[in-house]
Amino acid sequence: MGNKQEEKELHPEDINEMMQVRRDKMKAFADKGILPFGHRYEVTHHAQDIRDHFDELEGEEDGPIVHMAGRLMAKRGHGKASFAELMDLSGKMQVYFKYDVLGEDKYANFRMLDIGDIIGIAGRVFKTQRGEITVKVEDFDLLSKSLRPLPEKFHGLKDVEMRYRQRYVDLIMNPEVRETFISRTKIIKAMRSYLDARDFLEVETPVMSTIAGGAAARPFITYHNALDMKLYLRIATELNLKRLVVGGLERVYELGRVFRNEGIDVRHNPEFTSVEIYQAYADYNDLIELTEGIVRDAAEKVLGTTKITYQGLEIDFANVKRISMNDAVKEATGKDFLAAKTVEEARAMADDAGVPYEQKHGIGGILNAAFEEKVETTLMQPTFITGHPTEISPLAKRNPENPMITDRFEFFVYGRELANGFTELNDPIDQEQRFLEQVKQREAGDAEAHMMDRDFITALEYGLPPTGGLGIGVDRLVMLLTDSASIRDVLLFPHMRAKAEE
RNA sequence: GACUCACUAGCUCAACUGGCAGAGCAACUGACUCUUAAUCAGUAGGUUCGCGGUUCGAUUCCGCGGUGGGUCACCA
């Protein structure tokens with residue numbers, strides 16, 4: 001007890017009784033000459049390897065010795081024999097500690113272990129009378145003493161705030177979380193290999209820049225001390241990638257983080273992962289096919305099928321629809337906005353259809369408002385919407401037949417935008433006019449309108465080949481393929497407000 | 001940013017209209033050499049998110065604040 005008092009003075013802050021007990025055990029191990037925090041351990045088998053190769057490994061007396069390492073997740077003591085569960089990357093394995101095998105001292109050491117401790121074991125594989133594959137421990141080492149108690153073994157960690165803030169505990173306690181993030185990595189790998197196989201060059205462009213362009217969004221602002229200047233975190237990779245196509249890198253893509261200073265909800269995190277892809281001499285139709293291919297391939301590689309179930313809804317990526325924005329709106333409202341000759345006429349149609357719009361909207365803006373209001377959330381099955389108004393597409397090339405609209409598409413699944421692409425605007429004169437229009441909107445108070453990017457105009461003046469471009473929201477694709485309801489469930493460390501103290 | 005719901009032991013959750021704050025798991029002590037949410041007996045563990053207020057009395061009612069979830073707004 002005197003010892004306990006001493007320890008309390010060393011850690012006066014918030015060490016509760018359970019943590020104190022663990023610190024005492026750590027000290028007891030150290031007093032016995034056992035390092036509570038070990039060094040390396042030669043692992044020969046993961047839990048899954050043992051299950052996979054049980055036939056070769058089995059043998060209480062003469063089977064080979066296997067070495068495993070992992071976290072102790074459960075202890076079931078029976079006096080002089082105990083079962084425990086050891087969890088490694090591949091899963092859990094039952095291990096058996098027996099007084100007769102280990103001897104008094106080591107068995108006493110085992111009894112001192114806590115759930116959560118990381119140990120290495122050496123033992124032989126056998127099957128219990130109940131038929132469970134188990135490793136009978138002949139020797140073990142404490143590799144890392146755990147000083148904090150884990151959440152409850154049966155219910156796991158439920159508190160969503162703690163799951164996001166302390167993802168490491170979530171990963172320990174909830175195996176499906178681990179699966180989700182393994183899937184995330186597989187999806188990203190699948191996208192890379194799909195693009196690499198088609199001769200796309202993966203590149204990296206600056207995250208910090210003096211102009212945040214390529215999307216309609218408010219940027220984060222940071223500051224460079226030595227240069228004494230304001231910098232923006234990128235909101236898209238688009239303009240730099242097109243510069244590279246000007247430079248002759250005909251097929252490029254960048255898979256990386258972009259940052260947008262906007263609200264947070266189940267679909268939005270301030271930083272998110274996008275992949276943007278540019279292909280010279282292609283148009284938006286080629287990119288629609290590429291989008292379909294990427295998504296289908298990722299689904300097949302991760303799930304083995306293009307048919308997924310998302311939040312209870314069956315979605316088949318092999319069955320994709322395509323319809324123009326105007327036709328989709330026409331179907332939903334009976335109004336042909338592109339037939340409107342004047343803004344007044346379009347406004348009357350919108351009023352009639354119960355679509356709210358703003359004064360700044362032209363015909364195209366009103367069509368888009370009608371689409372967002374009446375169509376977007378109904379697009380549950382994979383659907384490519386094409387022909388977006390020029391007014392809302394400052395970087396897309398106009399449709400040759402109808403300059404009101406662009407050769408653009410957006411890919412919707414479950415009522416959400418998953419990808420966006422278009423034939424790139426490569427006419428520097430037109431691009432400059434569009435930027436000027438954006439700047440006007442910006443000056444009128446639209447913080448999300450584009451900034452003027454003179455150098456980008458210059459690049460276009462050197463000549464951008466006809467090019468198709470595409471951006472995919474990687475997090476959203478991962479959500480769909482892992483059946484995750486919130487973007488936070490596919491981000492290892494979603495953005496959280498800083499805690500007041502700590 | 002608005003609205004709304006939540007916050008109780010390490011974790012998962014209880015506590016009727018305001019009346020001594022409880023359980024399971026985890027922990028601790030003991031029993032137990034094939035259990036698997038092991039079992040059995042016992043013990044300990046709380047600033048009920050924080051600060052105010054109403055009340056004889058607040059986990060409960062009211063106000064302000066914090067954090068989180070959801071919906072909306074903005075957007076991908």
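Scope of the values below: all heavy atoms of this structure, side chains included, with no hydrogens, waters or symmetry mates.
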Rounded distance (Å) that lies between atom C1' of rC28(B) and atom CZ of R23(A): 18 Å
Integer-rounded Å distance: rA76(B) C1' and I385(A) CD1: 16 Å
Residues, nucleotides or ligands: over 12 heavy atoms within 6.0 Å of K32(A) NZ: yes
Whole-Å gap separating P (rG65(B)) and CZ (R497(A)): 13 Å
For atom CD of E238(A) and atom C1' of rA76(B), their distance in whole Å: 13 Å
Sugar-phosphate only, base, or nothing, as touched by A419(A) at under 4.0 Å among non-hydrogen atoms: nothing
Verdict with supporting geometry, T180(A) and D489(A), side chain to side chain contact (heavy atoms under 4.5 Å, CB included): CA-CA 8 Å; T180(A) 294; D489(A) 294 324; 5.7 Å; no
Any K92(A) side-chain nitrogen or oxygen under 4.0 Å from OP1 or OP2 of rA37(B): no
Kindly list each side-chain donor-acceptor pair under 3.5 angstrom involving residues 78-87 of chain A, sequence neighbours excluded, with atom names and distances?
residue, atom, partner, partner atom, Å
S82(A), OG, Y107(A), OH, 2.7
E85(A), OE2, R76(A), NH1, 3.2
E85(A), OE2, R76(A), NH2, 3.4

Minimum-distance nucleotide (side-chain atoms of I487(A) versus rA76(B), rG68(B), rC25(B)): rA76(B)
Rounded interatomic separation in angstrom, taking CE from M112(A) and P from rA27(B): 15 Å
Footprint string (nucleotides 29-36 of chain B, 5' to 3'): B base within contact, S backbone only, - free, heavy atoms under 4.0 Å: ---BBBBB
Full working for side chain to side chain contact (heavy atoms under 4.5 Å, CB included) between E271(A) and F220(A): CA-CA 10 Å; E271(A) 55 178 294; F220(A) 284 94; over 6 Å; no
R178(A) atom CZ, neighbour heavy-atom count above 12 within 6.0 Å: yes
Of I264(A) and A215(A), the one whose closest RNA chain B nucleotide lies more 5': I264(A)
M208(A), CE: over 12 other non-hydrogen atoms inside 6.0 angstrom: no
rG70(B) OP1/OP2 closer than 4.0 Å to side-chain N/O of R488(A): yes
Spacing of the P atoms in rU60(B) and rC16(B) (rounded, Å): 12 Å
Sub-4.5 Å side-chain heavy-atom contact between K25(A) and L113(A): no
Note, P151(A) side chain near V169(A) side chain (heavy atom, < 4.5 Å): yes
Stems formed with participation of RNA chain B [Watson-Crick or G-U wobble, under 3.5 Å, three or more pairs]: B:1-7 with B:66-72, B:10-13 with B:22-25, B:27-31 with B:39-43, B:49-53 with B:61-65
Between rC5(B) and rA9(B) - C1' atom distance, rounded Å: 24 Å
Heteroatom pairs (N/O) under 3.5 angstrom, protein to nucleotides 6-11 of chain B:
residue, atom, partner, partner atom, Å
rC11(B), O2', E152(A), N, 3.1
rC11(B), O2', G156(A), O, 3.2

N/O-N/O pairs, protein side and nucleotides 49-51 of chain B side, under 3.5 Å:
none

Rounded C1' spacing from rU59(B) to rA15(B) in Å: 9 Å
Value rounded to 0.5 Å, distance of CG in N261(A) from CD1 in I221(A): 8.0 Å
Listed partners of N285(A) passing side chain to side chain donor-acceptor pair (under 3.5 Å), at least two apart: R322(A)
Nearest-Å distance for atom pair CZ/P, residues R257(A) and rA76(B): 19 Å
Audit row: R234(A), T205(A), side chain to side chain contact (heavy atoms under 4.5 Å, CB included) steps and yes/no: CA-CA 10 Å; R234(A) 67 183 178 190; T205(A) 65; 3.4 Å; yes
rC7(B) to rC13(B) separation - C1' atoms, rounded to the nearest Å: 13 Å
Nucleotide of rA76(B), rG68(B), rG45(B) approaching E161(A) most closely (side-chain heavy atoms): rG68(B)
Student check: side-chain heavy atoms of N368(A) and H361(A) closer than 4.5 Å: no
Residue pair V355(A) / K374(A), side-chain heavy-atom distance below 4.5 Å: yes
CZ (R218(A)) with more than 12 external heavy atoms under 6.0 Å: no
Sugar-phosphate only, base, or nothing, as touched by R22(A) at under 4.0 Å among non-hydrogen atoms: nothing
Closest-nucleotide 5' rank along RNA chain B - winner of E271(A) and R165(A): R165(A)
rC72(B) to rA14(B) separation - P atoms, rounded to the nearest Å: 27 Å
Protein-nucleotide distance (I115(A), atom CD1; rA37(B), atom P), rounded to Å: 14 Å
Spacing between N261(A) atom CG and rA76(B) atom C1', to the nearest angstrom: 15 Å
Flag for E276(A)-Y278(A): side-chain donor and acceptor within less than 3.5 Å: yes
